[in-house]
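Every chain is numbered from 1 and lettered A, B, ... according to where its sequence line falls, protein lines coming before strand lines.
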Amino acid sequence: MTEHIVKSYEGQLQELTNTIIKMGALAESQFSNSMIALLKRDQDLADKVSGKDFLMNEFDIKIENLVINLIALRQPMGIDLRETVSSMRISSELERIGDLSKNIAKRVRHLTFDVPGEIADSFKRASNVVQKNLKDVLDSYSKRTKDTAFRVWNSDLQVDELVNLVMAELLDFMKKNEKNLEISTHLLFAAKHIERIGDHVTNISENVYFLVTGDQIKGTRSKKVDKSVET
Amino acid sequence: MVNEKIKISTRNLNVYYGIKQALFDINLDLFEKKVTALIGPSGCGKSTFIRCLNRMNDVIDICKVEGSIKVDGEEINGKEIDVNVVRERIGMVFQKPNPFPKSIYDNIAYGPRIHGLANNQDDLDRIVENSLKKAALWEEVKDRLNQPGTGLSGGQQQRLCIARAISINPEVILMDEPCSALDPIATAKIEELIDELKKSYTIVIVTHSMSQAARVSQNTGFFHLGKLLEFNLTEKIFKNPDNKMTQDYITGRFG
């Protein structure tokens, strides 16, 4: 892309992009660390995740200020306008991902024993897909590629199915022994949070698609829901 | 832009100043009772283009205008066509307010008098009042109609010129950077006026202010080096233009 005639304008837009990329990287590590902490019952790592959440909020505030300044002082148009608007939205989505990761980390304290292997594996399968989607969508943001954004958007169904599987396993686990109830309750929330993070990732993909093309993603994703574990 | 009535259409419009070609094959449709903004860097031909629409280029000896310009399907480009009739239908407002060195009243009454639009003094008074009201100037000047028009503020002078343009009841109003000499409040008043006027008139505005084009127009044309590179809905132009050059221009990336 040709550079702006006014270099300081170019600099401000670049700073906005860079801040989103940094914030996205932090969101990725917050989420993946929260999952490691949960599945390994690693309290230190969980505390680290909780302790870093304020950084996500600071990024969000910084981006909001950058965006408001751009709108007030530069009146961005065309691609710059889309960049500005979508950055603000992406920042909010990342901030929510940060909150949910922190919430997953906070549940580690309440795990009275290790997550059973089979359930842990299902958790990993679900969270791996979401982590990959998050990484890909942030990639598509920095490279401005609509195809990856579209793929991520279209893979939400897979996330939902994997999360439903975790929940079904947790229900079985609860039925086995009432001692399992407490830990399972926390794990049910964690599973639901993974699904919510997945939703935020698809929201980001919609914004990246809009940023690149100027259009909204069209079409409907089929959502197959297993009624037995619908929450 | 579908199902809109075309007020003016140009086809293969080429303009030359001597040997220098200023416009290249302009095919542009202007829709009735809409505001069309023309944007582009200095010297891109947008002023030359609107000056063709009321034959203002006729007064420049070396200027040659070729091609078709139709108003309501009727050709207006041609030596045999009476420019006075054309200019009666297509009024113009310029960058710098240029009231006649006459009273406010006479500035407005001049056109209707020479075109014989008023049968008597009452008629003329009514035309003056209505024109000033339409230009949102009446309340500010009704008690001093006999004072010189040049004594008004810049913004008022520009509205006086708009009132003068509409006094002969044109169908189209051409505006060549009408706000570039005005402060933001006077500019806002003109923009509000443009919104109001588009209910009755087809308006074409040349502007260097992107945000003004975005605010006042429904369609926007982007000119560059004498060519019309993009013509689209204004929203489309400023959110997601089709042409890369348009994108570069509106975002300030023009190299």
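Listed by chain and residue number, nothing satisfies the side chain to side chain donor-acceptor pair (under 3.5 Å) test with Glu28(A) (two or more places apart in sequence, or in another chain). Annotation: side chain to side chain donor-acceptor pair (under 3.5 Å) contacts of Ser8(A) (sequence neighbours excluded): Arg74(A). Taking the side chain to side chain donor-acceptor pair (under 3.5 Å) definition, one finds that Lys143(A) meets it with Asp139(A), sequence neighbours left out.
The interface of residues 80-87 of chain A with chain B, defined by heavy-atom distances below 4.5 Å, comprises Asp80(A), Leu81(A), Arg82(A).
Within 6.0 Å of CD on Glu58(A) lie more than 12 heavy atoms contributed by other residues, nucleotides or ligands. Counting non-hydrogen atoms of neighbouring residues, nucleotides and ligands closer than 6.0 angstrom, the NZ atom of Lys236(B) exceeds 12 such neighbours. By the neighbour-count criterion of 12 heavy atoms within 6.0 Å, atom CZ of Phe189(A) is sparsely surrounded, having that number or fewer from other residues, nucleotides or ligands. Atom CE of Met56(B) has more than 12 heavy atoms from other residues, nucleotides or ligands within 6.0 Å. Atom NZ of Lys52(A) is surrounded by 12 or fewer heavy atoms from other residues, nucleotides or ligands within 6.0 Å.
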Checklist entry - When you look at Ile79(A) and Gln247(B), which way does the side-chain contact (heavy atoms from CB on, under 4.5 Å) test go after all the steps? => result CA-CA 7 Å; Ile79(A) 177 78; Gln247(B) 172 87 273; 3.4 Å; yes

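The shortest non-hydrogen separation linking Met77(A) to Ala214(B) is CE-CB, 4.5 Å. The two residues Pro241(B) and Gly78(A) come nearest to each other via the heavy atoms CD-CA, 4.4 Å.
The CD atom of Glu10(A) sits 5.5 Å away from the CZ atom of Arg253(B) when rounded to the nearest 0.5 Å.
Side chain of Asn240(B) to backbone of Thr213(A): a donor-acceptor contact under 3.5 angstrom is found.
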